[in-house]
There are 2 protein chains.
Amino acid sequence: MSNYRFQIEQHADMFKALGNPHRLAMFRRLVTCCTPGTVCDPNSTFRYTVSQLGHGLEIAPSTLSHHLKELNRAGLIEMRRNGKIVECWIEPAMLETLRSLFEITPNNQT
Amino acid sequence: MSNYRFQIEQHADMFKALGNPHRLAMFRRLVTCCTPGTVCDPNSTFRYTVSQLGHGLEIAPSTLSHHLKELNRAGLIEMRRNGKIVECWIEPAMLETLRSLFEITPNNQT
DNA sequence: TCTATAATTCGACATATTTCGAACTATAGA
DNA sequence: TCTATAGTTCGAAATATGTCGAATTATAGA
């Protein structure tokens, strides 16, 4: 079953989070298997610290923190403290869910 | 080349448009090849009129119009007047662009 | 031409978002 | 324990968004 209205609201919430240019830039940085000079593994994503994600965006640390919290709340990114820093990454399964919303399918909704 | 900042802002604008539950519901209705009782063609999308898209959403006509204008402005939907009604549909190429933003790739940005 | 239907524009208002600086917490290392 | 680094929380201010009703435009058909 899984309530259609609820699903729509949940997905809208994800897109709203991606609807800010700063947040989208950080998200896109995370949708990455490797960076120049690292070993590439196409089945997992790269990990960045909070301040690495904010690099180049010219926003205050408090704003940066607010945006990442928002991405995390929407279920778009994972975060875990590791000593002094906080690591951020993306779960590939979440990407597949998002891609599926842009696949043309027969319409069987209400 | 194609300015990275500009691209991000353009894409963020699309996601912002999808970030409203009413707009996402209408967009999803359009990401459809057929409805029950119609002939299915997986390579093109179904066309709806403005009021068909608003059906079931319980919003004023002015709000409906505002939302569709927003989706159109962001480049997510096409609209054309056909007599008394306005037809709305989606271009499949646009869907492919959006899907690609959720594919894991090597990072070569700034 | 008159009318009904479909959709848009405009102005107003309530609510949400983005951003910042200041103050705070967490951790590692000297 | 003290200090520096990394990140978060809080409150405030400016701006943007979602929504409506009333008025308007576009079209087809009687």
Side-chain angles (χ1 to χ4, degrees), chain A residues 5-6 8-30 46-90, chain B residues 5-6 8-30 46-90:
Chain A
R5 278 265 175 89
F6 178 76
I8 283 281
E9 300 215 344
Q10 196 185 332
H11 293 148
D13 208 49
M14 293 171 116
F15 290 129
K16 185 187 297 187
L18 295 177
N20 174 278
H22 289 146
R23 286 196 296 260
L24 182 58
M26 294 191 275
F27 177 84
R28 287 288 298 153
R29 210 166 269 187
L30 288 170
F46 203 75
R47 296 193 175 203
Y48 285 84
T49 68
V50 168
S51 43
Q52 281 172 342
L53 285 174
H55 185 257
L57 297 184
E58 303 187 352
I59 53 178
S62 54
T63 305
L64 175 59
S65 187
H66 165 75
H67 281 321
L68 291 173
K69 190 176 172 184
E70 198 59 20
L71 286 169
N72 179 247
R73 193 193 54 70
L76 291 164
I77 71 171
E78 311 299 315
M79 303 176 82
R80 181 162 59 187
R81 181 171 279 275
N82 185 352
K84 240 188 323 191
I85 57 94
V86 171
E87 289 181 332
C88 305
W89 74 98
I90 273 176
Chain B
R5 278 264 175 90
F6 178 75
I8 283 280
E9 300 216 344
Q10 197 184 334
H11 292 148
D13 208 48
M14 294 170 116
F15 290 129
K16 187 186 296 189
L18 296 177
N20 175 278
H22 289 146
R23 285 196 296 261
L24 182 58
M26 294 191 275
F27 177 86
R28 287 287 298 153
R29 211 167 269 187
L30 288 170
F46 202 76
R47 297 193 176 203
Y48 286 84
T49 68
V50 169
S51 43
Q52 281 172 341
L53 285 174
H55 186 259
L57 296 184
E58 303 188 350
I59 54 178
S62 55
T63 305
L64 175 59
S65 188
H66 165 73
H67 281 321
L68 290 173
K69 190 176 174 185
E70 197 59 21
L71 286 168
N72 180 247
R73 192 194 53 70
L76 290 164
I77 71 171
E78 311 298 316
M79 303 175 81
R80 182 161 58 186
R81 180 173 279 275
N82 185 351
K84 241 191 318 193
I85 57 95
V86 171
E87 289 181 332
C88 306
W89 74 96
I90 273 175

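Reminder, nothing fancy here: chain letters follow the sequence lines and each chain counts from 1. Nothing here was measured: the structure is a model prediction, and the numbers come from that model.
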Chemist: Taking only side-chain nitrogens and oxygens of A/N20, does any of them come within less than 4.0 Å of OP1 or OP2 of C/dT18?
Modeler: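 Answer is yes, contact under 4.0 Å.
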Chemist: Which heavy atom of A/L76 sits nearest to which heavy atom of A/A17, and what is that distance?
Modeler: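 Nearest pair, atom of A/L76 first, then A/A17: CD1-CB, 3.7 Å.
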Chemist: Can you tell me how far C1' of D/dA6 sits from CG of A/L68, to the nearest Å?
Modeler: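 Interatomic distance, CG of A/L68 to C1' of D/dA6: 13 Å.
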Chemist: With rounding to the nearest 0.5 angstrom, report the CG to CG distance, A/L30 to A/L53.
Modeler: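 Between atom CG of A/L30 and atom CG of A/L53 there are 4.5 Å.
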Chemist: If I compare all heavy atoms of B/F46 with all of B/W89, which pair ends up nearest, and what's the gap?
Modeler: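 Between these two residues, the closest heavy atoms are O-CB, 3.9 Å.
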Chemist: Output the rounded distance in Å from CD (A/E9) to C1' (D/dG18).
Modeler: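 Those two atoms, CD and C1', are 14 Å apart.
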Chemist: If you look only at pairs with a residue in residues 53-68 of chain B, which of them pass as a side chain to side chain donor-acceptor pair (under 3.5 Å), with sequence neighbours excluded?
Modeler: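 Qualifying pairs, neighbours excluded: B/R23-B/H67.
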Chemist: Give, for atom CG of A/L18 and atom CG of A/L24, the distance between the pair rounded to the nearest 0.5 Å.
Modeler: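 Here the interatomic distance stands at 6.0 Å.
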Chemist: Where along residues 54-66 of chain B does a heavy atom come under 4.0 Å from DNA chain D, residue by residue in number order?
Modeler: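 Here the set is B/I59, B/A60, B/S62, B/T63, B/H66.
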Chemist: Among residues at least two apart in sequence or on other chains, which ones pass side chain to side chain contact (heavy atoms under 4.5 Å, CB included) with A/T49?
Modeler: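 Testing A/T49 for side chain to side chain contact (heavy atoms under 4.5 Å, CB included), a comparison that skips the adjacent residues, returns A/S51, A/Q52, A/I85.
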Chemist: Rounding to an integer number of Å, can you tell me how far B/R80 CZ sits from C/dA6 C1'?
Modeler: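 B/R80 atom CZ is separated from C/dA6 atom C1' by 18 Å.
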Chemist: For A/H22 and C/dC20, what is the distance between atoms NE2 and C1' respectively, to the nearest whole Å?
Modeler: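 Distance check: A/H22 NE2 to C/dC20 C1' gives 13 Å.
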Chemist: As a test of reading the structure: which of D/dG7, D/dT9, C/dT19 is closest to the side chain of A/K69, going by heavy atoms?
Modeler: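 Nearest listed nucleotide: D/dT9.
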Chemist: Produce a footprint string for nucleotides 23-30 of chain D: one letter per nucleotide, 5' end first; B if the base is under 4.0 Å from any protein heavy atom, S if only the sugar-phosphate is, - if neither.
Modeler: ---SBS--
Chemist: Separation of A/E87 atom CD from D/dA6 atom P, in whole Å?
Modeler: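 In whole Å, D/dA6 P and A/E87 CD are 14 Å from each other.
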Chemist: To the nearest Å, how far apart are A/F15 CZ and C/dT17 P?
Modeler: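 Nearest whole value for this atom pair: 17 Å.
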Chemist: Ignoring hydrogens and geometry, is there a side-chain-to-backbone donor-acceptor pair from A/D13 to A/A74 under 3.5 Å?
Modeler: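 A pair under 3.5 Å: no.
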Chemist: Could you work out, with salt bridge (Lys or Arg N to Asp or Glu O under 4.0 Å) as the rule, every residue matching A/E9, not counting sequence neighbours?
Modeler: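 A/E9: no salt bridge (Lys or Arg N to Asp or Glu O under 4.0 Å) contacts found.
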Chemist: Quickly work out the B/D13 CG to D/dA16 P distance and round it to whole Å.
Modeler: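 That distance rounds to 13 Å.
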Chemist: Enumerate the residue pairs fulfilling salt bridge (charged side-chain N to carboxylate O under 4.0 Å, His left out) with a member in residues 77-89 of chain B, sequence neighbours excluded, ordered by first and then second residue.
Modeler: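 Only B/R47-B/E87 qualify under salt bridge (charged side-chain N to carboxylate O under 4.0 Å, His left out).
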Chemist: Figure out the OH/P separation between B/Y48 and C/dA7, and round it to whole Å.
Modeler: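 My rounded result for the distance is 14 Å.
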